[in-house]
Amino acid sequence: MTDKHALRAAALESKAWPYEEARKLLKRYPNGAPEKGYVLFETGYGPSGLPHIGTFQEVLRTTMVRNAFAELSDIPTRLIAFSDDMDGLRKVPDNVPNKELLAANLGKPLTRVPDPFGCHESFAHHNNAQLRAFLDQFGFDYEFASSTEYYASGRFDDTLKAVLRNYQAILDIMLPTLRAERQATYSPVLPVSPKSGVVLQVPVEVLDAETGMIAFDDEGERIEQSIFGGQAKLQWKVDWALRWVALGVDYEMAGKDLIDSVTQSSKIARALGGKPPEGFNYELFLDENGEKISKSKGNGLSIEQWLTYGPDESLAFYLYREPKRAKALHMGVIPRAVDEYWQFRGNYPTQEVTQKLGNPVHHIHNGDVPAETLPVTFGLLLNLVGVMGEASKEQVWGYLANYVPDATPETYPALDKLIGYALAYGRDFVAPTLQRRAPEGVEIEALKRLDAVLAGMPADASAEDIQNEVYEIGKTGGFENLRDWFKALYETLLGSEQGPRMGSFIALYGIENSRRLIADALARAS
């Protein structure tokens with residue numbers, strides 16, 4: 001059995017969620033490739049705002065499923081990043097210049113709203129360019145698609161005809177889900193006013209499905225016009241179904257808040273003679289107080305913020321884990337995500353194939369996991385920069401050189417980047433919280449014993465030998481349990497409630513430097 005066959009056999013049994021999702025697509029086409037010749041993945045983007053961490057997570061997770069499917073099948077795949085840029089501008093965003101320019105164009109399709117930044121054809125063109133640059137930055141393999149272009153070019157015409165032919169069936173699906181006042185004005189079709197250019201929310205009469213002709217009231221005048229050529233768009237649940245049917249979308253995931261929308265769009269897709277895509281609903285993120293993240297509240301964490309304090313692999317790792325469980329997304333989760341990513345990466349080379357396929361790093365790197373390992377943890381780096389105070393990369397490397405043989409940026413390029421993240425995180429989030437307390441009771445004598453032991457050890461003592469001595473002092477130092485001893489070390493020497501293996505920290509920071517920390521702590525007790 002070749003490696004490829006072994007990998008495919010293991011992937012067919014793997015419980016990793018990308019493989020579970022990919023297997024749903026295999027069942028969708030048990031006889032091989034569909035008539036269109038490929039399996040189509042889609043992600044959606046609303047270009048009324050800039051790309052954010054939700055955009056990243058959807059494209060990333062969809063890409064992981066796509067890669068998993070490629071391991072299971074030889075059927076070609078495509079991924080479309082679809083921009084809903086025919087939507088009417090509903091409100092003026094907070095984070096743009098020239099707000100009055102946008103306010104004067106409310107209701108118009110986003111591709112017909114002037115660019116407040118003054119550098120693109122429209123507001124949508126500006127945000128679409130940002131989306132492509134954003135996705136390109138992370139190396140995603142995708143094809144960009146514009147709603148405006150697809151409506152205007154005729155790509156949707158056949159399915160738009162089907163919408164008009166099945167107009168009543170769509171109303172029968174949608175009206176029971178709406179409040180009474182909304183039912184009175186609801187229409188699956190939203191014509192673009194020939195007078196104001198606004199996307200209208202008005203009742204529509206279907207005149208001729210084959211020519212796309214409809215009638216509606218516009219500022220007191222009865223208008224008859226075709227819905228083809230970008231002269232109308234669909235309500236978004238109907239629009240979603242239109243895309244699925246017109247393009248033959250096979251897979252699209254969505255947030256838990258869109259479960260009802262997926263249900264209604266799936267019914268509409270069937271009414272149009274199509275088949276809804278496979279997919280699953282992921283959970284939404286919570287802030288540090290356990291509240292749902294809201295763009296209007298601004299209580300979330302931006303992708304730029306994460307990437308200031310941790311590498312993109314750590315973000316990908318965090319997004320891979322348990323997508324159907326609500327997770328906190330705030331600054332405090334970054335250090336653990338960084339260390340857990342590297343822990344899983346360190347385990348990968350020696351794992352059996354089944355374990356590898358369940359390892360997050362397999363999906364983050366699409367099976368091509370880099371070989372470099374880390375000689376220290378991110379948490380240990382944070383402790384080091386915490387006691388160093390204001391420090392440079394060169395100074396941190398100076399300490400590492402005493403702890404790690406051949407420790408240079410050239411030998412460990414990933415570690416060099418990680419030091420930069422540690423310095424930034426330490427400066428902004430660790431340093432302001434550090435508060436070293438004075439030792440008390442049995443802690444004082446134990447610290448004196450530790451100082452005496454360290455004084456008798458060679459400067460190049462191993463982390464393990466130092467840890468054994470620290471452990472012995474804790475066992476015989478009158479503490480109720482060892483946890484109290486280590487907690488005392490963290491709080492008196494490092495100024496935090498949690499910390500690293502003290503043997504590793506002392507070896508890294510240096511015995512003499514560590515003795516100075518002990519002396520400072522004992523001075524606070526006098």
Side-chain angles (χ1 to χ4, degrees), residues 44 46-48 82-91 102-114 121-125 145-175 177-179 181-247 261 264-265 268-269 271-272:
S48 59
F82 196 96
S83 172
D84 295 314
D85 55 20
M86 268 286 284
D87 282 355
L89 177 64
R90 296 181 182 87
K91 63 179 183 178
L102 295 185
N105 288 274
L106 285 173
K108 293 181 181 179
L110 290 160
T111 43
R112 301 181 196 178
V113 174
E121 180 181 338
S122 73
F123 188 35
H125 284 82
S146 159
S147 178
T148 298
E149 182 185 328
Y150 277 42
Y151 272 106
S153 67
R155 293 274 309 257
F156 285 157
D157 283 1
D158 286 343
T159 313
L160 285 170
K161 292 176 186 178
V163 168
L164 297 185
R165 290 191 209 106
N166 296 279
Y167 205 74
Q168 188 58 49
I170 294 171
L171 285 173
D172 291 343
I173 292 167
M174 288 304 304
L175 291 181
T177 70
L178 304 173
R179 298 188 303 273
E181 61 271 22
R182 185 74 181 93
Q183 290 179 358
T185 60
Y186 179 83
S187 167
V189 175
L190 305 177
V192 177
S193 167
K195 297 181 176 183
S196 65
V198 168
V199 179
L200 300 174
Q201 300 257 1
V202 294
V204 163
E205 178 187 351
V206 178
L207 300 179
D208 185 347
E210 299 312 306
T211 60
M213 291 300 295
I214 60 171
F216 55 94
D217 183 79
D218 185 6
E219 298 179 4
E221 180 183 351
R222 178 181 166 86
I223 302 291
E224 295 184 4
Q225 73 180 28
S226 173
I227 67 171
F228 300 153
Q231 297 181 87
K233 75 174 299 290
L234 301 184
Q235 287 276 9
W236 89 270
K237 291 177 186 176
V238 189
D239 183 83
W240 211 4
L242 167 89
R243 294 197 326 241
W244 291 347
V245 175
L247 305 179
S261 300
Q264 305 310 323
S265 295
I268 295 168
L272 297 176

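The figures that follow rest on heavy atoms only: side chains count, while hydrogens, waters and symmetry mates do not.
A distance-only check finds a donor-acceptor pair linking the side chain of Tyr151 to the backbone of Leu234 [under 3.5 Å]. Side chain of Ser265 to backbone of Lys237: a donor-acceptor contact under 3.5 angstrom is found. Within the 3.5 Å criterion, the main-chain N or O of Ser226 finds no donor-acceptor partner in the side chain of Thr211. Side-chain N or O atoms of Gln225 include one that pairs as donor or acceptor with a backbone N or O of Gln231 at under 3.5 Å.
A salt bridge does not link Asp157 with Lys161: none of the charged nitrogens is closer than 4.0 Å to a carboxylate oxygen.
Of all heavy-atom pairs between Pro109 and Gly197, the closest is CD-O, 3.2 Å. Ser122 and Arg112 make their closest contact through CB-N, 4.3 Å (heavy atoms, listed as atom of the first residue, atom of the second, distance). Listed here is the closest heavy atom pair of Ser196 and Lys108: O-CE, 3.4 Å. The heavy-atom pair separating Pro203 from Ala184 by the smallest distance is CG-O, 3.9 Å. Heavy-atom minimum distance, Met213 versus Glu224: CE-C, 3.8 Å. Closest non-hydrogen pair, Val198 versus Leu106, comes out as CG2-O, 3.9 Å.
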Exercise for review: Please step through side chain to side chain contact (heavy atoms under 4.5 Å, CB included) for the pair Asn105 and Phe123, ending with a clear verdict.
Suggested key: CA-CA 11 Å; Asn105 288 274; Phe123 188 35; over 6 Å; no
Practice item. May I have the step-by-step check of side chain to side chain contact (heavy atoms under 4.5 Å, CB included) for Asp217 and Leu200, ending in yes or no? Key: CA-CA 9 Å; Asp217 183 79; Leu200 300 174; over 6 Å; no
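Between the CG atom of Leu178 and the CG atom of Leu171 there is a distance of 9.5 Å, given to the nearest 0.5 Å. Atom-to-atom distance recorded for Asp84:CG and Trp236:CH2 is 8.5 Å, nearest 0.5 angstrom. How far CG of Leu242 is from CZ of Arg155: 11.5 Å, rounded to the nearest 0.5 Å. Distance check, rounded to the nearest 0.5 Å: CD of Gln201 to CZ of Phe216 gives 13.0 Å. Taken from CG in Asp87 to OG1 in Thr148, the straight-line distance is 9.0 Å, to the nearest 0.5 Å. The CG atom of Leu110 sits 9.5 Å away from atom OG of Ser147, with the distance rounded to the nearest 0.5 Å.
Residues Leu190 and Met86 have side chains not in contact (no heavy-atom distance under 4.5 Å, counting atoms from C-beta outward). In this structure, the side chains of Lys195 and Glu221 come closer than 4.5 Å at one or more pairs of heavy atoms. You'll find the side chain of Val192 stays beyond 4.5 Å of the side chain of Lys233, heavy atoms only. Considering only heavy atoms from C-beta on, Val202 stays 4.5 Å or farther from Asp218 through its side chain. Proximity of Pro191 to Ile223: side-chain heavy atoms (C-beta onward) are nowhere separated by under 4.5 Å.
The ring-ring contact (aromatic ring centres under 6.0 Å, His included) check on Trp244 picks up Trp240, with sequence neighbours excluded. Judged as a ring-ring contact (aromatic ring centres under 6.0 Å, His included), and not counting sequence neighbours, the contacts of Phe82 are Tyr150. Scanning for side-chain hydrogen bond (donor to acceptor under 3.5 Å, both in side chains) contacts around Arg165 gives Glu210, with sequence neighbours left out.
Atom CZ of Arg182 has more than 12 neighbouring heavy atoms from other residues, nucleotides or ligands inside a 6.0 Å radius. Atom CZ of Arg222 is surrounded by more than 12 heavy atoms from other residues, nucleotides or ligands within 6.0 Å.
Side chain to side chain, Thr111 and Asp85 fail the donor-acceptor criterion of an N or O pair below 3.5 Å.
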